[in-house]
**Student:** 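Next up is a structure, given as C-alpha cells.
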Amino acid sequence: MISTLLLMACAALPAQNASTGQAELDAGPLSSFGSAELRLRSTEIGAPARILLGRPSLRLLAPPNGVLYVTPGSAYASFSGTIAADGLFEISAPLPDLSAFAGATVIAQGGLRAASGAVLLSAPRALTPDAASSAGFDDLSTTLPASNFQESGIPVAVDFDRDGLTDLVATGATGLRFYRNTGAGLVDETATRIPALDNPECYGVLAADFNADGFEDLAVWTRFDNGAALPSAILHNDGAGSFGAAAGITLLPITLAGVSDLAVGDVDGDGDLDLLACDGAQHNPSTGPQVLALLRDQGGLQGGTPGTYAEDAAFKNAAFNVDFGSATSVALGDCDNDGDLDLAVARTSGGNGVPNLLVLNDGVGVFSDVSAAQLPFFLDKSSDARFADLDGDGYLDLLFMNSHVSVSPADSGDVLYNLGAANPGVYVDGAARFPDQFIEDLMIRLYSLVADVDADGDLDVLIQPHEFFGSSRPFVGFPALFLNQGGVQGGTRGEFVQDSAFFRLAGLPWATFISSGAAFLDLDGDADLDLYVGSKGGIVNAAANGDWLLRNDLF
C-alpha cells in the first residue's frame with residue numbers, strides 16, 4: 001500500500017523538514033492517449049511523494065495517516081518523486097491507454113511522507129478521460145434535515161468521523177450543525193456530536209488536523225452567547241467525530257476586536273499549524289490600528305507546548321497591519337513558488353475603497369508587504385480572498401470578491417493572474433479572461449469557491465453575492481457559476497464564461513438571498529461534486545433563509 005511504500009522511501013527524511021499537515025493536488029485534463037498533468041503542492045520540501053491514478057476505492061489507513069481513495073495495486077498509473085524547493089512535485093508524462101475508461105471516473109490522489117512520520121494524502125480529484133459532458137445541478141434542498149436554518153454562516157465540508165465520506169458542518173444562529181453523510185444523504189447528528197452548552201451561535205468554521213492525530217478538528221469564529229462575543233476557538237475531535245469540552249477546546253488569544261475570517265497553515269515550517277485572523281467590520285479603532293493577527297503554535301520552533309497559541313508581536317506591529325481599511329478576509333498560499341505560505345488580505349472601507357494586500361513570507365513566518373510592487377493598484381471594497389491556480393501554469397492566481405455598487409468592475413481587481421515563471425508572485429488584472437463587466441445579480445460579491453465541477457481537469461469558480469435592489473427585477477443576487485473554458489468547454493484554460501443555466505429555471509433565478517458561504521462535497525458517492533449553499537435570508541424577507549443543496553448530475 002502507499003503507506004508502506006512511502007514509509008520505506010522516507011526512512012532518512014531529516015527532522016527539520018516539518019509537517020504542515022497539508023497536501024494539495026492539481027490535476028489537468030486527461031485524454032485517452034495523452035499525458036498526465038499532475039502537480040502535488042506542499043511545504044514539505046524534500047519529502048518523497050507519489051501520485052496515483054486509478055479506480056475509485058477506499059482504504060482507511062491507520063491514524064495519523066490519511067484516507068486513501070485509490071487502490072495502489074490496481075492503479076492505472078503511478079508516479080514517484082520528491083517535493084522540490086518550489087513546494088511542488090510535478091508530473092507531465094505519457095499515460096497508459098485510457099480509452100476503455102472514456103466517460104468514466106478516474107481518481108487522482110497524491111501522497112507524501114511528512115517529517116512527523118505521517119503519510120499525508122491530498123483530497124481525491126475526480127477526472128473524466130476525454131471529458132465530453134458539462135455538470136448540471138438539481139435542487140435537492142427538500143432532502144436536507146429539518147433543522148433550524150437561521151442566518152447561516154460559512155460551512156465546511158469535512159470527514160469528521162473518518163469513514164471516507166465527506167460530511168458537512170454548517171454554522172448559524174443556532175450554532176454548529178453536524179450533518180453526517182450516509183452515502184444516501186445528510187443526517188443531522190448535532191445532538192450527539194457536541195453538547196448544547198458547548199455549541200453557541202457561530203458563523204465561521206474551518207477544518208484542519210491541529211494536533212496531528214489523523215482526525216479533523218474545527219476552528220470556529222464569530223461566536224456569540226446572548227449577544228456577547230466569545231473567543232475564537234479550536235474544537236478538538238475525540239477520534240470518533242465528537243467535539244466539545246470533553247474532547248478539548250482551545251481558546252485562541254486573539255487581541256482583535258472581533259474576527260471575520262481565519263486561515264490555517266504552517267507559516268514557519270516547524271511542523272505545526274498556525275492561524276491568521278482578521279477583524280472585518282468588527283474593527284474598532286479604539287483598540288488600536290491592528291487589523292490582522294498571526295497566532296503561532298507554540299510547539300516546533302517556538303520551543304513551547306504544542307497545541308497552545310500566542311500572538312506574534314512583530315506581526316502585530318508591522319507597518320502593513322494598520323487600519324486604513326477593515327481586513328475582511330485572509331488567504332494563505334505560496335504565490336511565488338518558494339516553498340512557504342504567503343498572505344493575501346481582502347480589505348474594504350466605508351469610503352471609496354482601499355487597496356488589497358499581498359504579504360510575502362521569508363520561510364520562517366516573517367512577512368513583508370509587497371503589494372505596491374506585485375499587485376495592480378485598485379481601490380476595492382473586498383469581502384473575500386482566495387488563492388487558486390486558474391490557468392494551470394503551476395502558480396497561484398488570486399480572486400477577490402468586490403462590491404460593484406460604488407466601484408465599477410473596470411476599476412476593481414476581481415481576478416488577478418500570476419505572471420508565473422516569468423515573474424513569480426507578480427499579478428496582473430485578468431479583465432480579458434474573467435468577465436470584467438457589470439452583472440446586476442453580482443453587484444455585491446461576498447464569497448467564492450473553486451472546484452472542478454465538471455471533472456475536466458480545470459478549476460471552475462462559484463461566486464456568492466448579497467441580495468440587493470434591482471432594476472430588472474425587484475430583487476437581484478443569487479449564486480453564479482463561472483466555467484473554466486479549458487477541458488470539456490474546448491477553449492483556453494484560465495478563461496471563464498458564466499454558466500447561464502446554473503441556479504436558474506427558464507432564465508429566472510430559483511431565489512435571491514444573501515449568500516453566506518458554501519461547500520462542495522460528494523454527497524452521493526458518485527465522485528462528482530455536489531454543493532451546499534448557505535443563506536442569511538433576504539434584505540427585506542428575512543424569513544427566506546433556507547439553505548440549499550444541489551446535486552451534481554455529471555456522473
**Student:** If you compare all heavy atoms of D297 against all heavy atoms of T305, which two are closest, and at what distance to 0.1 Å?
**Tutor:**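 Between these two residues, the closest heavy atoms are OD1-O, 4.2 Å.
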**Student:** Check N199 against L176 and note the closest heavy-atom contact, atom names and distance.
**Tutor:**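 Distance-wise, the nearest heavy atoms are OD1-N, 2.8 Å.
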**Student:** Are D213 and R162 within salt-bridge range, i.e. N to O under 4.0 Å?
**Tutor:**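 No, D213 and R162 are not salt-bridged.
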**Student:** Only one of D414, D411, T348 clears side chain to side chain donor-acceptor pair (under 3.5 Å) with N402; which?
**Tutor:**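 The single option meeting the side chain to side chain donor-acceptor pair (under 3.5 Å) with N402 is D414.
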**Student:** Which pairs count as ring-ring contact (aromatic ring centres under 6.0 Å, His included) when at least one residue sits in residues 304-323, sequence neighbours excluded?
**Tutor:**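 Passing the test, one end in residues 304-323: F315-F320, F315-F367.
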**Student:** Is S329 reaching over with its side chain to a backbone N or O of D384, donor-acceptor style, under 3.5 angstrom?
**Tutor:**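 Here the side-chain-to-backbone pair does not exist.
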**Student:** Would the F468 and F475 ring centres measure less than 6.0 Å apart?
**Tutor:**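 F468 vs F475: aromatic centres not under 6.0 Å.
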**Student:** Would you say N352 has more than 12 foreign heavy atoms packed within less than 6.0 Å of its CG?
**Tutor:**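 Counting other residues, nucleotides and ligands, CG of N352 stays at 12 neighbours or fewer.
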**Student:** Taking the six-membered ring for Trp, are the ring centroids of F160 and F215 within less than 6.0 Å of each other?
**Tutor:**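 Not close enough - the centres of the two rings lie 6.0 Å or further apart.
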**Student:** Going from CG on L396 to CG on L398, what distance comes out if it is rounded to the nearest 0.5 angstrom?
**Tutor:**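 If I round to the nearest 0.5 Å, the distance is 8.0 Å.
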**Student:** Side chain of D323, backbone of G325: donor and acceptor closer than 3.5 Å?
**Tutor:**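 Side chain of D323 to backbone of G325, a donor-acceptor pair under 3.5 Å: no, none is there.
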**Student:** So does D452 pair up with R125, basic N to acidic O under 4.0 Å?
**Tutor:**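 Result for this pair is yes, salt bridge flagged.
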**Student:** What residues form a salt bridge (charged side-chain N to carboxylate O under 4.0 Å, His left out) with R551, not counting sequence neighbours?
**Tutor:**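 With neighbours one apart ignored, the set is D138.
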**Student:** Can you tell whether the side chains of R296 and D274 come within less than 4.0 Å, N to carboxylate O?
**Tutor:**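 Salt bridge absent between R296 and D274.
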**Student:** Does any N or O in the side chain of S116 come within less than 3.5 Å of the main-chain N or O of A212, such that one atom is a donor and the other an acceptor?
**Tutor:**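 Flag not set: sc S116 to bb A212 has no pair under 3.5 Å.
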**Student:** Using the rule given for side chain to side chain donor-acceptor pair (under 3.5 Å), can you reason through E440 versus S471, listing the C-alpha separation, both sets of side-chain angles and the distance that settles it, and then say yes or no?
**Tutor:** CA-CA 8 Å; E440 191 172 45; S471 60; 2.6 Å; yes
**Student:** What pairs meet the ring-ring contact (aromatic ring centres under 6.0 Å, His included) rule with one or both residues in residues 255-281, with sequence neighbours excluded?
**Tutor:**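 Every pair satisfying ring-ring contact (aromatic ring centres under 6.0 Å, His included) with a residue in residues 255-281: there are none.
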**Student:** Assess whether a salt bridge exists between D334 and R41, defined as any Lys/Arg side-chain N lying under 4.0 Å from an Asp/Glu carboxylate O.
**Tutor:**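 A salt bridge is absent here (no side-chain N lies under 4.0 Å from a carboxylate O).
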**Student:** Taking the six-membered ring for Trp, are F503 and F478 parallel (under 30°), tilted (30 to 60°) or perpendicular (over 60°)?
**Tutor:**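 Parallel: the ring planes of F503 and F478 meet at under 30°.
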